[in-house]
Every structure is written in C-alpha cells, then in structure tokens.
2 protein chains.
Amino acid sequence: MSNEEKNREDLPRRRSGGKDPSGAEARPRNWLVPVILLSLRDWNSYGYELMERSTRFGFDAMNPGTLYRTLRQMEKDGIVESSWETSRGGPARRMYSITDAGKAYLDFWAKSLEQYQRTMDTFFRMYTGQPLSDDDEKDSGEENSR
Amino acid sequence: MSNEEKNREDLPRRRSGGKDPSGAEARPRNWLVPVILLSLRDWNSYGYELMERSTRFGFDAMNPGTLYRTLRQMEKDGIVESSWETSRGGPARRMYSITDAGKAYLDFWAKSLEQYQRTMDTFFRMYTGQPLSDDDEKDSGEENSR
DNA sequence: GTATATATATGTAAACTACACATAGATATG
DNA sequence: CATATCTATGTGTAGTTTACATATATATAC
C-alpha cells in the first residue's frame, strides 16, 4: 500500500491513536454504547469488567478513559443507572444497570444496524463487480444480509 | 472553552446534523472515500455527479462541502487524480479518476469491512439472545460473514 | 437582465477519539 | 511499616472529523 506522500500535509492520516496507517479501516462507530447496553442487559456490571468484555467487539485495547467517560454520559442520558458497591474488598465499584430507556435505545440501534448491513451488502456487490442497476439499489441485499 | 460542560450536558448525544434525536444510529463512518473510489473505478466522474450516486450508500442528503473537501484531500493523498473539463456547456467540472494507490486503498478497505461484518454478526447473535461462550468470540462469524 | 440550475469551494462550531495523566483503596512483599 | 502492585475510576486535552452555512462562478431559461 503506497501511503508515502500521503494526506493532511505529507503523511498518512494518522489519527492520534490510529493503528491503521492507511486510514482504510472500518471501525465501530458509536458502538461503545450499544455494546455496553448489551452487556448490561444480561448482567449488571461495572467499568473495569465491561472493559474486558468489550474486547470481543473490536475494542481491543480499550482506553479506560473512553469507557468511564461514556458510562457517565450514558447515565446522564438515562439509559443506565449506577450505584456504588463497597461491600467487598478492593476499591469501590460503580455498578451499572440498564434502564427501560436503555433497552429501547438498544432496540432502536439494532434496527438501525440492519439498515447498515444492507449498505454493506450494496458496497460488496459493487466491489465484487456486479453492476448496480438503477432500480435495485433501494432494496438490495435482503437475501444475504445475514 | 472546555467542552466538558458544553457538549455533554443532559440530553442524549445529539450530533450537529443528526436526524436521529436518540443518537442510536449506525451510520457510515469513513465510508465516503471508499464509495467515491468505487464509483471512480467504473467511470471517471466529478463532484456534482458523485454526490448523486453516493445517495445509494446512505449518504442521503450529502452536503456538497463535505464531498468537495474530501475529493481535494483524496487528491493530495494520491488516491485520485483530477483535471478541469471545460469542453462543454455549463460550469467547468473537475474530472476525477482513480489511481493505482486508490485501487489498493479500496482493496484494503474491503478487507477491513469483512472484519467489521464479523463484529456485526457477534452483536446480532448476542442481541438475539444466543449467549456468547468464552471460547467462540474470537473466530465467530467466519461461516456466515459472506 | 435576472432567475435558476449546475458546479466547486471555504469558514467555522460542534463533536468525536484516544492518549496521557491523575486519584485512590486494598493487598502483597520485604 | 514502607512501598510496590493490582484494581478501579476519573479528567485534561490535542488532533481530527463532521456538517451546516455561506461564497463564488458559468451557462441556460424566461
């Protein structure tokens, strides 16, 4: 991949923490919130534990700051609730649980993701060479979206 | 201007132009560049036309500024080339064509997208209730990614 | 001649991302 | 007991992205 004399001024678009020098990368966007909600739907949990669980969604080297900040914001938004848990050894944990609003958010997200999948199908069909006729781009992808 | 108090106050994260008040939306991220490259791989084109074509990828009400700025940046990055076309009626068009580097970028992107699809599969499997055992989250999704 | 469609481009506020850094309790080790 | 380490939560901030508003210019329609 020739990313020699690349982008902004002269270098490949390196984001602050970008692992991918080319910038060609499809990474989760706005995924952290849904993933947290999904985890909390099953079991109540806390930041430190959620951080480990989220790795299975591509948040490999999750930065703690990002997670904790997101959790606090989620609580302000009313999609999770929290309370301190001090009845054990070790530092206090802020235990989170999902709210009804959080569950609704999750459902909305899942629906949105289906639309996204259709977009991906459209992309791949075009990428693999099948021309996109003018009357099938609207509902393409249903047959193999999953 | 500390954005600590500003942007995250009391409402679900509303983006500036977000049509979705809840913020629960899976929208293309970094998709504009690949979609442009994909279009240019088939036919050379120019901004105004690309803007219309990109609608089929979920860039419904594409903002012209975003597209033109992206195109200029792509040229700096070496993944497209351009030249003015004045031999016709109407305002001059800046005609773009894809470069070899652009094709390589596209291939890299497509590969990255496959990984993304696996992440989506993981999400949906968890969302629909199938528990994720501790030893299948690493290579899940290969069998039905496409 | 002026209103409209075509076509490209810039200015700027807001928001996102991710690293670096800070804080603090509990436990292990010498 | 001093201090190192693990667990756990949080803040500061630079760099980048996003998207709207706005500006410019050419050709055609009326």
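Chain identifiers are assigned alphabetically (A, B, ...) following the order of the sequence lines, protein sequences preceding nucleic acid strands; residue numbering begins at 1 within each chain.
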Taking side chain as C-beta onward, heavy atoms only, is B:Val33 less than 4.5 Å from B:Asp77?
no
Are side-chain heavy atoms of B:Arg93 and B:Ser45 found at a separation under 4.5 Å?
no
Between B:Lys76 (NZ) and D:dT16 (P), how many Å, whole number?
13 Å
C:dA7 phosphate, OP1 or OP2: any side-chain N/O from B:Tyr68 under 4.0 angstrom?
no
Nearest-nucleotide wise, let me know which of A:Thr66 and A:Arg93 is further upstream toward the 5' end of DNA chain D.
A:Arg93
Categorize A:Arg72 for me: base, sugar-phosphate, or nothing, with a 4.0 angstrom heavy-atom threshold over every strand shown.
sugar-phosphate
For A:Phe124 and A:Tyr127, take the angle between the two ring planes, folded into 0 to 90°, and tell me which bin it lands in: parallel under 30, tilted 30 to 60, perpendicular over 60.
perpendicular
Are A:Tyr68 and A:Arg94 side-chain neighbours, meaning at least one heavy-atom pair lies under 4.5 Å?
no
Please report the C-alpha distance between A:Gln117 and A:Asp121 in whole Å, then the side-chain angles of each, then the deciding distance to 0.1 Å, and finally whether the side-chain hydrogen bond (donor to acceptor under 3.5 Å, both in side chains) criterion is met.
CA-CA 6 Å; A:Gln117 279 190 320; A:Asp121 281 336; over 6 Å; no
Separation of C:dA9 atom P from B:Leu71 atom CG, nearest Å, is 8 Å
What integer distance in Å separates B:Glu85:CD from D:dA25:C1'?
17 Å
Student check: side-chain heavy atoms of A:Val35 and B:Met126 closer than 4.5 Å
no
Could you check how far CD of B:Gln73 sits from P of C:dA9, rounded to whole Å?
13 Å
Sequence neighbours excluded, which residues qualify as side-chain contact (heavy atoms from CB on, under 4.5 Å) partners of B:Ser83?
none
Spacing of B:Tyr46 atom OH relative to D:dA25 atom C1', expressed in whole Å:
16 Å
Grab the CE-P distance between B:Met51 and C:dT8 for me, whole Å please.
8 Å
Pick out the pairs of N or O atoms, protein on one side and nucleotides 27-30 of chain D on the other, that lie under 3.5 Å.
unit_1: D:dA27; atom_1: O3'; unit_2: B:Gly90; atom_2: N; d: 3.4

Between CG of A:Leu67 and C1' of D:dT9 the distance, given in whole Å, is 10 Å
Per atom distances to the B:Tyr48 side chain, the nearest of C:dA20, C:dT8, D:dT9 is C:dT8
Could you check how far CZ of A:Arg69 sits from C1' of C:dC16, rounded to whole Å?
11 Å
